[in-house]
Amino acid sequence: MAKNLVIVESPAKAKTIEKFLGKDYLVKSSYGHVRDLAKKNQGIEIENDFKPVYEIDSDKKKVVTELKKLAKNAETIWLASDEDREGEAISWHLVKALNLDQNKTKRIVFHEITKQAITEAIKNPRGIDENLVNAQQARRILDRLVGFELSPLLWRKIKPSLSAGRVQSVAVRLIVEREQEIKKFKPESSYKVTAIFHLSKDGKNHQIKAELPKRFKTEQAAYNFLEKSKEAEFTIASIEKKPGKKSPAPPFTTSTLQQEASRKLSFPVSKTMVVAQQLYESGQITYMRTDSTNLSNMALSQAKKEIIKDFGEKYSKTRQFATKAKGAQEAHEAIRPTFLNHREASGSQDQKRLYELIWKRTIASQMADAQLERTTVKIDVSRAKEQFIAKGEIVKFDGFLKVYLESREEDDDGEEEKGLLPPIKEGEKLGLEEMNAIQRFTSPPPRYSEASLVKKLEDLGIGRPSTYAPTISTIQKRQYVTKGVSEGTQRTYQVYTLKGNEIQKDPSSEKTGADKGKLIPTDIGTLVTQFLLEYFDNIMDYNFTAKVEKEFDEIANGLKKWNEMIREFYGPFHEKVETTLQNSERVKGERHLGIDPKSGRNIYVKLGRYGPMAQIGDREEEEKPKFAGLRKNQSIESITLEEALELFKFPRELGEFEESPVTVSIGRFGPYVRHNNKFVSLKKEDDPATITKERAIELIKEKREKDKNKYIKTFEEEGIQVLNGRWGPYISHKKKNYKVPKDKEPKDLTLEDCKKIISEAGTKKKNSRTKKKK
DNA sequence: CAGTGAGCGAGCTTCCGCTTGACTT
C-alpha cells in the first residue's frame, strides 16, 4: 500500500502526475465535485441561517467509497485540486465526505504539470482556506436560490419545465435584445465609389485600385460625380508611407479556442470541447477548460527551440500574455500542445485539425511581430474636390504571420483592397480604366453565433470555461433560442459604371439577412426575458454577476460573512418572488390576429401549455374554441392571419390505403402521416399542405422497411425483444433497455442469455444514475 | 418524446460548476 495518496480533479491529470512522483505515491481522481446541495427542499435550511445540506452525488458514491478506503490506509493524503474557489471547495468536500483526519491531510497546489512544479508543491503544503471555501458556498447557494425560486415561478406564470438562472437568463437576454435591435434597424443606402486607374511605365501597364473615402447619400449625387469624372484628369497628389506592425494573439483559453474552432473549422462549441477532451485524455494537449493565457517556462523554452529550428533566431520572441478576462481564476495554463515538437496529433481527422490550430496558435504567440509598410496614396480629380485614396501594404518581415493569423467573425463590408502598389511618384497622371458607383446598405448588428455569445459572456464575466458549452445547449434545450436556417433573401442594388466615357446602369443583387446557424430567440425566450426583466431586473442586469463576484471576493478575503451576504440578497429577492407569484398575470403573449372569414369568430395566437398556438373562437362561445400549434419556423410575433388559417386545415384526409384512411397532420414534432394508428414523419422536402396520397404511401412503406430491421428476435411470453437501435443492438424488457455485450452475436441470443443480461444489469444499475427520467 | 390545448389534480420540472463515462431506442 502506498504511503501517500494524492487526489486531483481529473483522471488524466492523475495518470501524468503519478509518473512524476514514483511508487510511494498513489494518485487518484475525485472526478470534480463529490458532494452538492441536496435536490429536495432546495438543499438549504433557509431559516437556519442558510445552512447548506450536502449529499454525495449518486454517481460519485463509488469514487467516494474507493477514496475513503485508500485514505484510511495512507499515511498522508495530499489534496491537490485546483487553486481556485471551486478547487478549494472540492478539497474541503473531500475532507468531509471521506472523513479525513486533519493531521494526516495536506493541501497542495500547482499551476503546471511538470515534475518540478509538483515536487515543489509537495514541499510547501498548507491547510484548507476556509474563507475561499465559504466564498464558493455563497456562490453555490446563491445560484441555487435564484434558480430554484425563479424556475417554479416561470412554471406557474408561463409554462412548465422552464428554467431561469444567473447565467442562462442573461445569455438569453443578450440574444433577445440583439434581435430587437435587428428588428428596429432600418437599412440606409449610400453610394460607394471605386475606381481602377492605370499607369504605363517601364513598358508595363500597372493598375491601381482606389476608393472615395466619402459616400454619396443619393443616387443622383453619385451619378453626378461619375458625370463630372468623364472628362477629368487624375493626378497623384501625395504618397505617404508609414511603418506598421501586427502582433500575435495570445495562446488559447477555452473561450478563444471555441471561437477560432467555430470560425476556422466550423465546429459547434460542444464539438470543440469533445475533441479537445480527447486530445487531453491522450496526453496531447494541456487542460482544455481554462481562462488563463499563461504558458509554463518549459513550454516557452520548447516553443523558442522549435521556432529557431524552423525559422531562425529572429522569428523568436518570448512573450507572456496578461489574462484580461473578468474574474479569471487562472488555475491552469493556457491550452497548448503538451509537446511542441509534436507537429501532428495522432487520432481522428477532427483531432488532427484542432491540434494543428492549437499548435499554430501557441507557436505564433511566441514569434516576432510582423513588420509592415503601409502606403496611402491620394489622387486628385481635376473637376471635383473629392480625392481618391489607394492603400497599399507590404509585409517587410512576416514574423508570426508565417504560422497563424487570427480570423474575424464578421466580414467587414468596407474591406479595402490592400496589396502592392506600383512604383509611382507625386504629380504623375493616371488614366481611368473604370469607375463604379455601387449602392451599399448599412447592416444591423449581427446575430450571435454560439462562439460569439461565449465571447460576450466571457467579456461580461458571466459563466466559466466549464459551463460555456453546457449553457449554450441549455438555452436551446429549453427552446429559448434556436439556430436560424435561412440563407437570406436577395436584395437588388444599383451599380453605375463609367467606362470609355459612358455611364451605364446595371443593377445587381446580393444575399442579405442570412441567419443560418445564428442564435434567434423564440416566442418563449422573448416572453420569459420580458417577464424576468419586469420583476427581476437586478438579476437580469449584465453586471449582476460582476457585483456578486465582488462580494464573493470579500468573503474569500475574510472581510465578509457568507451567510450575511446571502441574507442581504435573499430577503428582498424572496419577497419579490412572493409578490410576483401573488400579483402578476399569467404571461400568454396573446395577439388578436383578426376574424375568421368563414365563421366570423376571433382568431388569436398565444403561448399555450405546449408552446405557441393559434385559437379560433372564444371560450365563452357555445362552440368550443379550436386550437392548432404553430409550426417551428413561425412565431406569435410575426405570424399572419392567412398563415394561422392554414394551420386549421389539418388533419387532411388523403384517401384510403389498405382499407384504412391516410391522414396528414401537424404535431409536436412536425408534420406526419397517420395510417392504422402508425405515425410517419414527413421529410423536409414534403409540404403537408400539398403532399399526395402516393407520396404518403411511399413514406409508410419506407417506415415499414426500416421497422423490419428493427426487430432481431422476440420471446413473446416473456415480453423480451432483441432490437436494433441507434447505439447498436439492445434488449428490451418491461420498458427497460439493456445493452447487448459486444462479445455476443445478437442473432444467436437465447432466452437464457437475455434473462442473464437483464438480471446482471439489474445489480450493476444500482450504482449508476437510475433516476433518469423520460 | 408522441401527434395534445375543457377542467381537475397528482406529481414532475429547475440552478451553476467541477469532472467523466453511462445512457439511450
Side-chain angles (χ1 to χ4, degrees), chain A residues 8-13 29-37 39 42-43 57 59-60 63 81-82 84-87 89-90 93 136 139-155 159-169 277 280-281 287 289 329 331 462-468 470-471 474 478 545 606-615 619 624-629 650-651 663 665-674 677-681 710 721 723-732 735-739 764-765 767-770 772-774:
Chain A
V8 296
E9 291 180 35
S10 132
K13 199 167 164 181
S29 153
S30 74
Y31 295 83
H33 275 295
V34 292
R35 299 200 309 179
D36 190 19
L37 295 176
K39 280 265 183 229
Q42 296 192 115
D57 303 354
D59 53 343
K60 292 293 169 56
V63 185
S81 48
D82 299 343
D84 57 14
R85 202 162 63 203
E86 296 297 327
I90 287 174
H93 278 301
Q136 192 274 347
R139 197 281 303 157
R140 180 67 191 92
I141 289 166
L142 178 97
D143 282 339
R144 171 57 69 84
L145 289 171
V146 169
F148 276 36
E149 297 218 356
L150 287 187
S151 302
L153 187 59
L154 298 182
W155 307 341
K159 192 171 154 333
S161 303
L162 295 179
S163 65
R166 174 175 57 82
V167 173
Q168 58 169 284
S169 296
Q277 174 97 26
Y280 169 66
E281 282 174 8
Y287 198 57
R289 292 186 275 265
Q329 315 216 350
I462 299 171
R464 304 279 311 129
S466 65
T467 61
Y468 295 138
T471 301
T474 298
R478 299 269 174 279
T545 292
K606 64 182 185 184
L607 190 62
R609 243 196 320 156
Y610 305 108
M613 64 178 189
Q615 174 180 343
R619 225 197 297 169
K624 275 186 185 160
K626 279 196 286 186
F627 304 94
F650 298 99
T663 55
S665 191
I666 296 168
R668 184 140 109 81
F669 307 103
Y672 63 94
V673 175
R674 182 179 187 153
N677 274 329
K678 287 217 161 107
F679 301 92
V680 188
S681 294
K710 198 173 144 190
Q721 288 182 319
L723 302 154
N724 247 327
R726 219 185 344 150
W727 290 282
Y730 67 102
I731 298 168
S732 168
K735 297 212 165 168
K736 280 194 174 170
N737 299 315
Y738 309 88
K739 204 174 192 138
K764 249 197 333 206
K765 269 216 162 128
N767 285 328
S768 68
R769 280 178 290 180
T770 37
K772 196 72 199 173
K773 54 266 142 185
K774 41 172 186 84

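Every chain is numbered from 1 and lettered A, B, ... according to where its sequence line falls, protein lines coming before strand lines.
Here B/dT14 is the nucleotide among B/dC15, B/dT14, B/dT19 with the atom lying nearest to any side-chain atom of A/P152. Nearest nucleotide to the A/I90 side chain, out of B/dT14, B/dG17, B/dC18: B/dC18. The side chain of A/R619 approaches B/dA6 more closely than any other nucleotide in the set B/dC18, B/dT13, B/dA6. Among B/dG17, B/dG3, B/dT14, the nucleotide with an atom closest to any side-chain atom of A/F148 is B/dT14. Candidate nucleotides B/dA6, B/dG21, B/dG17 were compared by shortest atom distance to the side chain of A/Y31, and B/dG21 ranks first. For A/E281, taking side-chain heavy atoms from C-beta onward, the closest of the listed nucleotides B/dA6, B/dG21, B/dC15 is B/dG21. Side-chain proximity of A/S163 to the nucleotides B/dA6, B/dC15, B/dC18 is greatest for B/dC15. Residue A/T467 places its side chain closer to B/dG17 than to any other of B/dT20, B/dA6, B/dG17. When each of B/dG5, B/dG17, B/dT4 is scored by its nearest atom to the side-chain atoms of A/Y672, the top-ranked nucleotide is B/dT4. Set against B/dG5, B/dG17, B/dG21, the side chain of A/Y610 has B/dG5 as its closest nucleotide.
Taking atom C1' on both nucleotides, B/dG21 is separated from B/dC1 by 24 Å, rounded to a whole Å. If you take atom C1' in B/dA10 and the same atom in B/dC23, they sit 28 Å apart, rounded to whole Å. With C1' as the reference atom, B/dT4 and B/dC15 are 29 Å apart, rounded to whole Å. Distance check on atom P: B/dA2 versus B/dT24 gives 15 Å, rounded to whole Å. Rounded to whole Å, the separation between the P atoms of B/dG5 and B/dT25 comes to 25 Å.
The residue A/P11 sits close only to the backbone: its heavy atoms come under 4.0 Å of sugar-phosphate atoms, none of a base. A/R478 comes within contact range of the sugar-phosphate backbone alone, with a heavy-atom separation under 4.0 Å but no base atom that close. Within 4.0 Å of A/G165, counting heavy atoms only, lie sugar-phosphate atoms of the nucleic acid but no base atom. Using a 4.0 Å heavy-atom criterion, one finds that A/A164 contacts the sugar-phosphate atoms exclusively. Here A/G43 lies out of heavy-atom contact (under 4.0 Å) with every strand. Across all strands shown, A/L142 has no heavy atoms under 4.0 Å from either base or sugar-phosphate atoms. Nucleic acid contact class of A/Q168 (heavy atoms, under 4.0 Å, all strands): sugar-phosphate only. Contact annotation for A/G87: no contact, since no heavy-atom pair falls under 4.0 Å across all strands. Within 4.0 Å of A/R166, counting heavy atoms only, lie sugar-phosphate atoms of the nucleic acid but no base atom. The residue A/V167 sits close only to the backbone: its heavy atoms come under 4.0 Å of sugar-phosphate atoms, none of a base. Residue A/T474 is in sugar-phosphate contact alone, with no base atom involved, counting any heavy-atom pair closer than 4.0 Å across all strands shown.
The closest side-chain heavy-atom distance from A/Q615 to A/K626 is not below 4.5 Å. Counting heavy atoms from C-beta on, the side chains of A/R139 and A/R166 come closer than 4.5 Å. By the 4.5 Å heavy-atom criterion applied to side chains, A/E9 and A/Y31 are not counted as neighbours. Considering only heavy atoms from C-beta on, A/L162 stays 4.5 Å or farther from A/S151 through its side chain.
A/D36 and A/R140 are joined by a salt bridge, as a carboxylate oxygen and a charged side-chain nitrogen come within less than 4.0 angstrom of each other. Salt bridge absent: A/R464 and A/E86 never bring a charged side-chain N and a carboxylate O closer than 4.0 Å. The existence of a salt bridge linking A/K39 and A/D57 is excluded, since no basic side-chain nitrogen approaches an acidic carboxylate oxygen closer than 4.0 Å.
Regarding A/M613, its CE atom lies at a distance of 16 Å from the C1' atom of B/dG3, rounded to whole Å. Between A/L150 atom CG and B/dC16 atom C1' there is a gap of 14 Å when expressed in whole angstrom units. Protein atom OH of A/Y468 is 14 Å distant from nucleotide atom P of B/dC16, rounded to whole Å. If you take CZ of A/R674 and P of B/dA2, they are 14 Å apart, rounded to a whole angstrom. For A/D59 and B/dA22, the CG to C1' distance is 9 Å, given to the nearest whole Å. Atom NZ of A/K624 is separated from atom P of B/dT4 by 16 Å (rounded to the nearest Å). A/K626 has its NZ atom 16 Å from the C1' atom of B/dT4, to the nearest Å. The NZ atom of A/K60 sits 10 Å away from the P atom of B/dT19 (whole-angstrom rounding).
Under 3.5 Å, the side chains of A/R289 and A/Y287 contain a donor-acceptor pair of N or O atoms. Between A/R674 and A/S665, the side chains place no donor N or O within less than 3.5 Å of an acceptor N or O (distance only, hydrogens not considered).
Aromatic stacking is marked for A/F679 over B/dG3, as both cut-offs hold: 5.5 Å for the centres and 30° for the planes.
A sub-4.0 Å separation between OP1 or OP2 of B/dT20 and a side-chain N or O of A/Q277 is present. An OP1 or OP2 oxygen of B/dT20 is reached within less than 4.0 angstrom by a side-chain nitrogen or oxygen of A/S10. At the phosphate of B/dC18, OP1 or OP2 sits under 4.0 Å from a side-chain N or O atom of A/S466. OP1 and OP2 of B/dG17 both lie 4.0 Å or more from every side-chain N or O belonging to A/R289.
Comparing A/S29 and A/P625 by the nucleotide of DNA chain B whose heavy atom lies nearest to each, the residue mapping closer to the 5' end is A/P625.
With hydrogens and angles left out, the side chain of A/R464 and the base of B/dC18 share no donor-acceptor pair within 3.5 Å.
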